[in-house]
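I have placed the structure first, in the form of structure tokens, so that the comments after it can refer back to it.
Every heavy atom of this structure was used, including side-chain atoms; hydrogens, water molecules and symmetry mates were not. Protein chains get the first letters and strands the later ones, always in sequence-line order, with residue 1 at the start of each.
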Amino acid sequence: MAEKIRFFPLEVTYKIIDGKAVIHLYGKTIKNEQLCVLDENFEPYFYVIPKMGKEVQEKLEKIKVEKENEEAAVTKTEIAKRKYLGKEVDAVKVYTKLPKDVPIIREIIKDWNVLESVNEYDIQFRRRYLIDKGITPLTLVEVEGDFVTQKSKVPVLKATSIKQYSDDALENPRILAFDIETYSPLGKAIAPEKNPIIMISFYGEKFEKVFLWKKFKTDLKYVEFVDGEEELIEKFKETIEHYRPDILTGYFSDEFDMPYIKTRAERYKIKIDIGLDHSELKVKHGRTTVSSIRGLTHLDIFKFIVKTMGGSFDTEAYSLNNTAKELLNEKKLDVDLDGMSVIWDKTPAQLGEFCEYNLHDSVLTYKLCKKLLPNIMELVKIIGLPIYDINRMGFSQLVESYLLKQAYNFKEIAPNKPHHDEIRQRRMQTYKGGFVYEPKPGLYSDIVVFDYRSLYPTIISSHNIGPETINCDCCREKAKVAPTENKKEIYWFCTKKKGFIPLMIEDLIKRRMRIKEIIKERKPSPLLDAREHSLKLLANSFYGYLGFFGARWYSIECARATTAWGRFYIHNVINKAEGAGFKVLYSDTDSVFLTLDGKTKEAADKFAEKINLELPGLMELGYEGFYTRGIFVSAKAGEFGAKKKYALLTEEGALKIRGFETVRRNWSFIAKEVQEQVLNIILKENKPEKALDYVKQIVKGLKNKKIPLEKVIIHTQLQKETQDYAAIGPHVAIAKKLKERGIEVGPGFMIKYVVTKGEKKIRDKAKLPEEVKQEDYDADYYIENQVIPSVEKIFAVLGYKKEDIFEKQGQKQLGKFF
DNA sequence: GGCTCCCGGGG
DNA sequence: GTGTACGGGAGCC
């Protein structure tokens, strides 16, 4: 009997069944039951655009080719009226039997000289399906058909008809967060092939669990003991099986937890067959590793945070601890991870705190997922791809996916991705970016910041900037020319016909404005906030996309015109602010930093209002914030400051730090600590002298060898075998030494070293921490190459030179270093 | 000054 | 899976 069911698709994939590509849509019904819907009525195709008046259909239909004992053939062709780069074309839609035949056939015909071009041959079949069927994941779809028997963990329905029903979205997907802890002896690299997983935690709705394979006495109710790692892995599978999550989430799980589990499972010949079709967890190593499960959404919340939220963060590091602090105002539990393996081996009775730690990481991951899910879901709805895809896409891919979807609706054929030579050529092209009014390094107070809201999107929209509207014949000599500085760059844009890109971006901006209106009128709504934020994110990515070498809709001329108009508008604000008696401190692309210079905040507001009256179209200058104090720092010692390097103090007493390289792990702890402290003392306490004294104390401490050895250890990880290194850096020199002593070192091994006094090269002075005594480290090196560089520029703006840090210490011989 | 190497996240 | 996707800084040469 035919069924009619409404469901929310979560994942889409396809499988070849009886020589046919069958789409599998996995999702949840309105009755909250898992379901798999099959659609075998969608055929792979691509476009061919013939040269004027060329008849190629017949020739195309005859294509048949043998490859790896299988035949790839064109099944049919049809003429389709489409638009391509602003022109009407009679394209040929070429169908093939299987998705994989598409690239094979394209390869054969790509050089036919009767063809203008071959297009849309590299669009994933599953994505093509969603676009063409107008199906949006996570929103309600109606399907008719019959249940069939097929190897599957969820009921399978073969569709006779399937259509988007409404834009109602799945409300509460079932989320399960997990995290593993692995055995990792102190100082050793993470080595999945060597070291076992010792515990796994899960956290979900009314569900918390920690499995581990060492027994000890505990009151923790969520702790469950298993016999060994093998059983631990079985529990991992079982838990997922029983909990039946829609979303399985982890922190960096794409590249750590999942691959680790997979590697360990292979040892025991355990299949991680958690796919809803009984398929195995798939780990694909590439530029970045991805881990996927059929029918089940694996969400690496870390990846989403880095890729799409990164820009708006105050922190520049994305450790779980940092992101949890930033987004949840919570921290990881403080345990000594280095000691975990020792306790595991010697005193299991003390494992309790590690179980708590393990669970807490899952809790934080779960909360991050919950918190960001609205943002992810909104992007899914706007772009029309499953969570899994959205999770792993960067800005340009988000834009491109959106454009591909819209291109279908507007009957536009998408331009092709560039190939090697094209990419190389594009990479060599440069263009002028935003205008930077370089700050005079210094310490300032009462700073007001204004910025253009979505500067580039509003410019692209109001100036109709796009690949098909540029330098049109119909508006030659009539349309305004973009204010580029280079006389050879003359770009104007059609004033008669709206282009595809500006049309798309205008729609996004207007949708966002409507939502902002609703938000203003209503109570706070995380969902609307997320929608608004997603629309902004997408719109803001268009400009970068136009200039991105890998883009289909690439146009460096459009990117140039956009920044040219941007410089024009920001110059306008700067000039008028100065005219109105404000002091302009700094400006970068779309923002201006003014000091009140005795004026009131209200006067500044009035000024911005006046600017706004004169702005065209959707453009708007907005108020960004007020800061009681701020420091602007120079990148190179010199009169002018570097862009994007400053620290501000908000009225609430929080530091907003931009552009100070967060000292990374191959820096000593002391360098990092000093930089943090100095900024704090200067901005929060407003006591530069005190900061200077502090650094002097540290320098003195280094000289007198009072700074503990741990704080001067530098960590660097080996990337390859020692013999494969062409250049011998300090960490390689140490690695070679270790090897001579019979210590196993290889890729991933963490080298710790201390720079001691000695010959010129750092590598000759690098020693292992354990062979160095407290007084052996090279104080001058740490002062010169670690501590001073981390704060030098900060002090430079206050009028202090490096020498000032050493004054009254009788260190005349240091003069030679300056 | 160019080339080579490492960083990220995870334990 | 209708595949192949960083960007910036330090130290060596």
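One finds no side-chain N or O of A:Lys307 lying less than 4.0 angstrom from the OP1 or OP2 phosphate oxygen of B:dG9. Between A:Arg127 and C:dG3 there is no side-chain N or O to OP1 or OP2 distance below 4.0 Å. Taking side-chain N and O atoms only, A:His731 has a distance below 4.0 Å to OP1 or OP2 of B:dC6. For B:dG8, the OP1/OP2 oxygens have no side-chain nitrogen or oxygen of A:Tyr251 closer than 4.0 Å. Contact annotation: A:Lys284 reaches the phosphate of C:dG1 (side-chain N/O to OP1 or OP2, under 4.0 Å). Between A:Tyr14 and C:dT2 there is a side-chain N or O to OP1 or OP2 distance below 4.0 Å. Using a 4.0 Å cut-off, no side-chain N or O of A:Lys282 falls inside it from OP1 or OP2 of C:dG1.
The interatomic distance linking A:Glu70 (CD) with C:dT2 (P) rounds to 15 Å, in whole Å. One atom, CZ of A:Arg392, and another, P of B:dG9, lie 17 Å apart when rounded to the nearest Å. For the pair A:Met258 CE and B:dG9 P, the computed distance is 20 Å after rounding to whole Å. Rounded to whole Å, the distance from CG on A:Asp345 to C1' on B:dG11 is 14 Å. In this structure, NZ of A:Lys15 is placed 15 Å from C1' of C:dG1, rounded to the nearest angstrom. The interatomic distance linking A:His715 (NE2) with B:dC6 (P) rounds to 16 Å, in whole Å. One interatomic measurement links the two molecules: CG of A:Asp361 to C1' of B:dG10, which rounds to 10 Å at whole-angstrom precision.
A side-chain N or O of A:Asp277 and one of A:Ser279 form a donor-acceptor pair less than 3.5 Å apart.
Under the 3.5 Å distance criterion, the side-chain polar atoms of A:Ser117 are left unmatched by any main-chain donor or acceptor of A:Ile49.
Using a 4.0 Å cut-off between charged side-chain N and carboxylate O, A:Lys303 and A:Glu255 make a salt bridge.
Looking at heavy-atom distances under 4.0 Å, A:Tyr781 makes contact with sugar-phosphate atoms alone, never a base. Residue contacts for A:Leu98: at a heavy-atom cut-off of 4.0 Å it reaches no nucleic acid atom on any strand shown.
Nearest nucleotide to the A:Ile190 side chain, out of C:dT2, B:dG10, C:dG11: B:dG10. Candidate nucleotides C:dT2, B:dG9, B:dG11 were compared by shortest atom distance to the side chain of A:Val102, and C:dT2 ranks first. Which of B:dG11, B:dG9, C:dT2 sits closest to the side chain of A:Arg128 comes down to C:dT2. Side-chain proximity of A:Thr716 to the nucleotides B:dC6, B:dG9, C:dG11 is greatest for B:dC6. Set against C:dG1, B:dG11, B:dG9, the side chain of A:Phe256 has B:dG11 as its closest nucleotide. Considering only the side chain of A:Gln397, C:dA5 comes nearest among B:dG11, C:dT2, C:dA5. Counting only heavy atoms from C-beta on, A:Asp179 has its side chain closest to B:dG11 among B:dG11, C:dC13, C:dT2. Each of B:dC7, B:dG9, C:dG1 was ranked by its minimum atom distance to the side chain of A:Phe302; first place goes to B:dG9. Side-chain atoms of A:Pro103 lie closest to C:dG3 of the nucleotides C:dG1, B:dG9, C:dG3. Which of B:dG10, C:dC12, C:dT2 sits closest to the side chain of A:Pro730 comes down to C:dC12.
Across the P atoms, C:dA5 and B:dG8 are found 24 Å apart, a figure rounded to whole Å.
Of the listed residues (A:Arg106, A:Lys110, A:Arg552), just one forms a salt bridge (charged side-chain N to carboxylate O under 4.0 Å, His left out) with A:Asp122, and that residue is A:Arg552.
Donor-acceptor pairing under 3.5 Å, judged by distance alone, is present between the side chain of A:Ser184 and the base of B:dG11.
At most 12 heavy atoms of other shown residues, nucleotides or ligands fall within 6.0 angstrom of atom NZ in A:Lys331.
Both tests pass for A:Arg392 against the ring of A:Tyr388: distance under 6.0 Å to the centre and angle within 45° of the axis.
For the atom pair CG of A:Asp257 and CZ of A:Phe178, the computed distance is 4.5 Å after rounding to the nearest 0.5 Å.
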